[in-house]
Participant: 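One structure, as structure tokens, below. Some questions next.
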Amino acid sequence: MNTQRREFLKQAAGLALASTMMPAGVTERYRLGCQTLPYQFLPFARALEGIRKAGYRYVMLGSDHMKQPVFSPALSPAGRVELRSQLKDAGLEPFMSFLGLTANVLKPEGIQHWLAELDLCADFGINTVVVMGPKYYVHFPAQPKRIAEWERDVTEYYAAIAPAIQRAASLGIVITVKPHAGIASTAKAALQVMQRVPSANFKICWDAGNVSYYEGIHPDPDFPDIAPSVKAVCIKDHLGLRGQDNFPVPGSGQINHEEMFRILFNSGFSGPMAVERVDGTDRMANMPAETIDQRIAAARSYLMPVLEKITGA
């Protein structure tokens with residue numbers, strides 16, 4: 001890491017949030033948070049500490065940390081009380097979560113787990129969840145599935161998630177599917193998803209970094225067409241060619257976040273946005289907590305002025 005970059009990160013990490021309380025009667029123009037995912041190889045409590053220290057008010061909860069469940073339907077009533085207390089003490093509000101990362105929805109027990117996860121999210125006031133959808137690769141990036149296998153997987157997936165969409169509707173939760181080499185891999189593919197599942201409770205989570213990484217597209221030319229259906233954003237940057245593992249701090253890669261946000265907010269976007277990755281070319285499992293702290297703070301220091309500009313501060 002060069003000296004200039006190191007100094008930038010140190011300065012960003014040193015930014016203290018004077019106050020995170022909204023004045024009475026003031027409506028937030030946007031909700032920017034951070035995922036606990038960058039800290040997944042560290043204790044959950046340390047993730048909350050780092051996210052709050054970096055100035056975020058909102059958190060997207062990961063299901064596991066250090067390979068142990070932390071946000072799971074298996075949480076006992078006492079465990080849920082303890083988790084709420086942790087979040088409150090950290091000054092963080094959960095506003096988004098992944099759905100189905102630990103369960104195969106195509107199996108009978110899988111859909112039951114999805115339903116239980118939706119109930120858990122409702123219990124914590126989370127009304128936006130993110131799913132991946134089936135992938136069209138056997139091995140990324142060089143071995144795609146046979147078309148017959150892919151079409152079968154997609155048909156089975158849509159049938160399997162129907163009960164989850166119904167449960168989400170009853171709970172006031174929106175399930176959003178993100179680009180991840182799957183059914184919503186690009187804006188064009190996401191438009192087809194919206195045509196196939198015309199539901200207010202099944203929408204899109206945009207992830208421009210994934211579109212760059214998995215598809216080699218930046219920016220996506222069809223993004224303005226899908227923007228009205230985007231109800232959440234996973235924020236990551238990407239640098240390099242398709243399939244190159246380099247997810248730097250947002251603002252230092254090839255994603256034009258300002259243009260992305262401009263298109264979104266001009267389309268009426270009001271959903272949650274969460275920073276997802278800041279590992280660059282480092283191995284996430286080997287990253288010290290202090291390095292993650294610095295990088296998510298740097299992400300926030302870049303994103304906040306952009307969002308303020310777009311939303312008319």
Side-chain angles (χ1 to χ4, degrees), residues 27-28 30-37 57-64 69-75 77 79-81 83-84 87-88 92-134 157-180 182-184 190 193-207 226-235 264 267-276:
T27 301
E28 292 177 293
Y30 58 87
R31 289 179 294 157
L32 174 66
C34 185
Q35 297 188 23
T36 61
L37 186 144
R57 295 179 56 236
Y58 296 102
V59 61
M60 180 173 174
L61 298 175
S63 56
D64 296 333
V70 294
F71 188 61
S72 162
L75 273 177
R80 297 185 186 206
V81 170
L83 178 55
R84 287 193 188 91
L87 292 165
K88 182 178 180 181
L92 292 169
E93 179 180 337
F95 73 157
M96 197 164 29
S97 175
F98 283 108
L99 174 68
L101 292 188
T102 60
N104 184 350
V105 73
L106 299 182
K107 296 182 178 180
E109 63 272 20
I111 187 57
Q112 292 306 315
H113 191 85
W114 275 44
L115 298 179
E117 285 187 323
L118 287 168
D119 291 341
L120 173 69
C121 287
D123 194 20
F124 277 78
I126 296 171
N127 58 18
T128 306
V129 296
V130 180
V131 299
M132 306 293 189
Y157 179 80
Y158 281 123
I161 66 172
I165 296 173
Q166 293 175 356
R167 178 67 63 85
S170 71
L171 296 171
I173 293 174
V174 178
I175 299 173
T176 63
V177 59
K178 71 182 300 192
H180 199 264
I183 54 175
V193 173
M194 293 297 91
Q195 292 167 358
R196 185 157 180 172
V197 186
S199 169
N201 298 90
F202 192 71
K203 295 296 182 180
I204 299 300
C205 172
W206 193 244
D207 187 331
I226 195 61
S229 295
V230 173
K231 302 303 177 184
V233 180
C234 286
I235 300 174
L264 278 173
S267 298
F269 177 78
S270 60
M273 301 170 287
V275 173
E276 182 173 300

Participant: Suppose we screen for ring-ring contact (aromatic ring centres under 6.0 Å, His included). Which residues come up paired with Tyr158, at least two apart in sequence or across chains?
Facilitator: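 Not a single residue meets the ring-ring contact (aromatic ring centres under 6.0 Å, His included) criterion with Tyr158.
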Participant: Please give me the minimum heavy-atom distance between Pro198 and Gln195, naming the atom from each residue.
Facilitator: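 That closest heavy-atom pairing would be CD-O, 4.0 Å.
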Participant: Measuring from atom CZ of Phe202 to atom CD1 of Ile173, what distance do you get when rounded to the nearest 0.5 angstrom?
Facilitator: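 Phe202 atom CZ to Ile173 atom CD1 measures 14.0 Å (nearest 0.5 Å).
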Participant: Would you compute the distance between atom CG of Asn201 and atom CD1 of Ile175 and round it to the nearest 0.5 angstrom?
Facilitator: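 Result: 7.5 Å between the selected atoms.
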Participant: Hey, could you give me the NZ/CG distance between Lys88 and Leu83, rounded to the nearest 0.5 Å?
Facilitator: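 One gets 13.5 Å once the value is rounded to the nearest 0.5 Å.
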Participant: Just verifying a value: how many Å separate Cys234 SG and Phe98 CZ, rounded to the nearest 0.5 Å?
Facilitator: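 Answer rounded to 0.5 Å: 4.5 Å.
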Participant: Heavy atoms only: give me the nearest Phe71-Ser97 pair and the separation to one decimal.
Facilitator: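 The answer is CE2-OG, 3.6 Å.
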Participant: With Lys178, which residues qualify under side-chain hydrogen bond (donor to acceptor under 3.5 Å, both in side chains), at least two apart?
Facilitator: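 side-chain hydrogen bond (donor to acceptor under 3.5 Å, both in side chains) list for Lys178, sorted by chain: Asp207, Glu276.
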Participant: Ser229 side chain to Ile204 main-chain N or O, any donor-acceptor pair under 3.5 Å?
Facilitator: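 Between the backbone of Ile204 and the side chain of Ser229 there is no qualifying donor-acceptor contact (under 3.5 Å).
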Participant: Residues in side-chain hydrogen bond (donor to acceptor under 3.5 Å, both in side chains) with Thr176, at least two apart?
Facilitator: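 For Thr176, no residue satisfies side-chain hydrogen bond (donor to acceptor under 3.5 Å, both in side chains) once neighbours in sequence are set aside.
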Participant: Can you see which heavy atom on Phe269 is nearest to which on Val230, and at what distance?
Facilitator: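 Heavy atoms of Phe269 and Val230 come nearest at CD1-O, 3.3 Å.
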Participant: Report yes if the side chains of Leu87 and Leu61 come closer than 4.5 Å at any heavy-atom pair, otherwise no.
Facilitator: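 They are in contact (side-chain heavy atoms under 4.5 Å apart), so the answer is yes.
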Participant: What heavy-atom pair brings Ile111 and Ala160 nearest, and what distance separates the two atoms?
Facilitator: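 What the structure gives for the nearest pair is CD1-O, 3.4 Å.
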Participant: Once rounded to the nearest 0.5 Å, what's the spacing between atom CE of Met60 and atom SG of Cys34?
Facilitator: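 Interatomic distance, Met60 CE to Cys34 SG, rounded to 0.5 Å: 10.5 Å.
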Participant: Got a sec, which residues hit side-chain hydrogen bond (donor to acceptor under 3.5 Å, both in side chains) with Thr102, two or more places apart in sequence or on another chain?
Facilitator: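 Partners of Thr102 under the side-chain hydrogen bond (donor to acceptor under 3.5 Å, both in side chains) test: His113.
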Participant: Let me check something: any side-chain donor-acceptor pairs from residues 118-134 under 3.5 Å, sequence neighbours excluded? List them with distances.
Facilitator:
{"from": "Asp119", "atom 1": "OD1", "to": "Arg167", "atom 2": "NH1", "distance (Å)": "3.2"}
{"from": "Asp119", "atom 1": "OD2", "to": "Arg167", "atom 2": "NH1", "distance (Å)": "2.9"}
{"from": "Asp123", "atom 1": "OD1", "to": "Arg84", "atom 2": "NH2", "distance (Å)": "2.8"}
{"from": "Asp123", "atom 1": "OD2", "to": "Arg80", "atom 2": "NH1", "distance (Å)": "3.1"}
{"from": "Asp123", "atom 1": "OD2", "to": "Arg84", "atom 2": "NH2", "distance (Å)": "3.0"}

Participant: Could you work out, with ring-ring contact (aromatic ring centres under 6.0 Å, His included) as the rule, every residue matching Tyr58, not counting sequence neighbours?
Facilitator: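 ring-ring contact (aromatic ring centres under 6.0 Å, His included) list for Tyr58, sorted by chain: Phe95.
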Participant: Compare every heavy atom of Gly100 with every heavy atom of Glu117, then report the nearest pair and how far apart it is.
Facilitator: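 In terms of heavy atoms, the two residues are closest at OE1-N, 2.8 Å.
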Participant: Grab the two heavy atoms, one from Leu92 and one from Pro94, that are nearest each other, plus how far apart they are.
Facilitator: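 Where Leu92 meets Pro94 most closely, the heavy atoms are O-CD, 3.9 Å.
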Participant: Could you give the distance from CH2 (Trp206) to CG (Leu264), rounded to the nearest 0.5 Å?
Facilitator: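 One finds 9.0 Å between CH2 of Trp206 and CG of Leu264.
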Participant: Any side-chain heavy atom of Val70 sitting closer than 4.5 Å to one from Thr36?
Facilitator: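 Sidechains of Thr36 and Val70: no contact.
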